[in-house]
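Within every chain, numbering begins at 1; the chains are lettered A, B, ... in the order of the sequence lines, protein sequences first and strands thereafter. Source: prediction; values computed, not measured.
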Protein chains: 2
Amino acid sequence: MIDNNVPTERSGETPCPKGKIERFIEPCLLLLLAEKSAHGYELMDNLEQFGFDPRCQDPGQIYRYLRRMETEGLVESAWESGDSGPARRSYQITGDGLSLLASWMKTLEKRITIINKLITRYQQTIQKGDV
Amino acid sequence: MIDNNVPTERSGETPCPKGKIERFIEPCLLLLLAEKSAHGYELMDNLEQFGFDPRCQDPGQIYRYLRRMETEGLVESAWESGDSGPARRSYQITGDGLSLLASWMKTLEKRITIINKLITRYQQTIQKGDV
DNA sequence: ATATAGTATATGTTATTTACACATAGGTGA
DNA sequence: TCACCTATGTGTAAATAACATATACTATAT
């Protein structure tokens, strides 16, 4: 799902590090819906901006997330029989969705702090000779 | 495994966002071992600095990772019958381990860029009124 | 008319990763 | 000898992500 143009593939063994964040699609969807209401297919394209594959090979995941988020009251949907193409389920974010998005932001800020600490220490370490 | 003093628990439903990075323990272990050789129990304590639980409730995970990393040639181990307590398996990082660590760092830098984009857009959005 | 392609939504199943629970064992001090 | 800390591990369940497939509407070209 995530763009992984990372160095050499390691055969058979553990895959190359992708650094994916657990459930990261959730805050991305919430933010896009906070910006403006949209349907799944549209969201799929916009997720590209957050490192997800363009023309993602797993549309199912997005739809599944959206349906679950609705059962949890984070978003609400309504069918829109558009002028062209099949009907769309249009989603809009709720108050609960907005607060969850806010708590995601706090979480992600903490995560950045931790990653930065790791990077800083790494740079210090390699400067001390370890190549 | 990760410190999650995040807002309100959401009952039954999806857990609070923890923002955990997939396999994040791996670069942490590699960095600690790049700094200096160590055994599992010692590493457990030092992982606290990267947001893992102090006196982690799953020591098994760390040992499992270390053993796998050895089969992949990222680290090497040797038993050390210390002067006190049970024997320890002391790990040291290899050349392959160092290069994987380097590629982890690149991956994490990209990840930070993406998270920052998300945060920036979030702040722009809430400023435009959406509470 | 029908075949193809693009839009749009969804489910079924497997694989990967993490979390929880438990087992083992040496050494130290009460 | 009993409890506790150090130290290393395995077994299994739960959560998450990945892969594969199904359906259906519509527009355009053949």
Round to the nearest Å and state the distance from Leu29(B) atom CG to dT17(C) atom C1'. 15 Å
Output the rounded distance in Å from CD1 (Ile25(A)) to P (dT16(D)). 13 Å
Name all residues meeting the side-chain contact (heavy atoms from CB on, under 4.5 Å) criterion together with Glu48(B); count only those two or more places apart in sequence or in a different chain, and write none if there are none.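 Partners of Glu48(B) under the side-chain contact (heavy atoms from CB on, under 4.5 Å) test: Pro54(B).
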Can you identify which nucleotide, out of dA8(C), dT8(D), dT6(D), has its nearest atom closest to the His39(A) side chain? dA8(C)
Using 4.0 Å as the upper bound for N to carboxylate O, is an ion pair formed by Glu70(A) and Arg67(A)? yes
Any side-chain N or O of Lys20(A) below 4.0 angstrom from OP1/OP2 of dT16(D)?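 No, no such contact exists.
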Atom pair distance, as rounded to whole Å: CG in Asp53(A) and C1' in dA18(D): 12 Å
What pairs of nitrogen or oxygen atoms, one from the protein and one from nucleotides 27-29 of chain D, lie under 3.5 Å apart?
none

Listed partners of Tyr63(B) passing side-chain contact (heavy atoms from CB on, under 4.5 Å), at least two apart: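 Listed in chain order: Tyr41(B), Met44(B), Pro59(B).
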In whole angstroms, how far is the P atom of dA7(D) from the CG atom of Leu43(B)? 11 Å
Residues two or more places apart in sequence or in another chain: which of them pass salt bridge (Lys or Arg N to Asp or Glu O under 4.0 Å) with Asp45(B)?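 By the salt bridge (Lys or Arg N to Asp or Glu O under 4.0 Å) rule, Asp45(B) matches Arg55(B).
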Toward the 5' end of DNA chain D, which comes first, Glu42(B) or Glu22(A), by nearest nucleotide?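 Between the two, 5'-proximity favours Glu42(B).
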Under the salt bridge (Lys or Arg N to Asp or Glu O under 4.0 Å) rule, collect the residues that match up with Lys36(A), sequence neighbours excluded.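 For Lys36(A) the salt bridge (Lys or Arg N to Asp or Glu O under 4.0 Å) partners, ignoring immediate neighbours, are Glu42(A).
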Under the rule for salt bridge (Lys or Arg N to Asp or Glu O under 4.0 Å), what residues qualify as partners of Arg88(B), not counting sequence neighbours? none
Length of the CE-C1' vector between Met44(B) and dT6(D), whole Å: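 My rounded result for the distance is 9 Å.
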All side-chain contact (heavy atoms from CB on, under 4.5 Å) counterparts of Arg64(B), not counting sequence neighbours: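 Applying side-chain contact (heavy atoms from CB on, under 4.5 Å) to Arg64(B) gives none.
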What is the separation between atom CD1 on Ile62(B) and atom P on dA21(C), rounded to the nearest whole Å? 17 Å
Residues that Glu76(B) engages under side-chain hydrogen bond (donor to acceptor under 3.5 Å, both in side chains), provided they are two or more places apart: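 For Glu76(B) there are no side-chain hydrogen bond (donor to acceptor under 3.5 Å, both in side chains) partners, ignoring immediate neighbours.
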Quick one: do Glu109(B) and Lys106(B) make a salt bridge, cutoff under 4.0 Å? no
Just how far, in rounded Å, is P of dG26(C) from OH of Tyr41(B)?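 Checked: the OH to P distance equals 17 Å.
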Is Tyr65(A) close enough to dA17(D) that one of its side-chain N or O atoms is under 4.0 Å from OP1 or OP2 there? yes
Under 3.5 Å between N/O atoms: give me all the protein pairs with nucleotides 9-12 of chain D, atom names plus distance.
| residue | atom | partner | partner atom | Å |
| --- | --- | --- | --- | --- |
| dG9(D) | OP1 | Arg89(B) | NE | 3.1 |
| dG9(D) | OP1 | Arg89(B) | NH2 | 2.9 |
| dG9(D) | OP2 | Arg89(B) | NE | 3.3 |
| dG11(D) | N7 | Arg64(B) | NH1 | 3.2 |
| dG11(D) | O6 | Arg64(B) | NH2 | 2.3 |

Between dA15(D) (C1') and Arg23(A) (CZ): distance, integer Å: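 That distance rounds to 9 Å.
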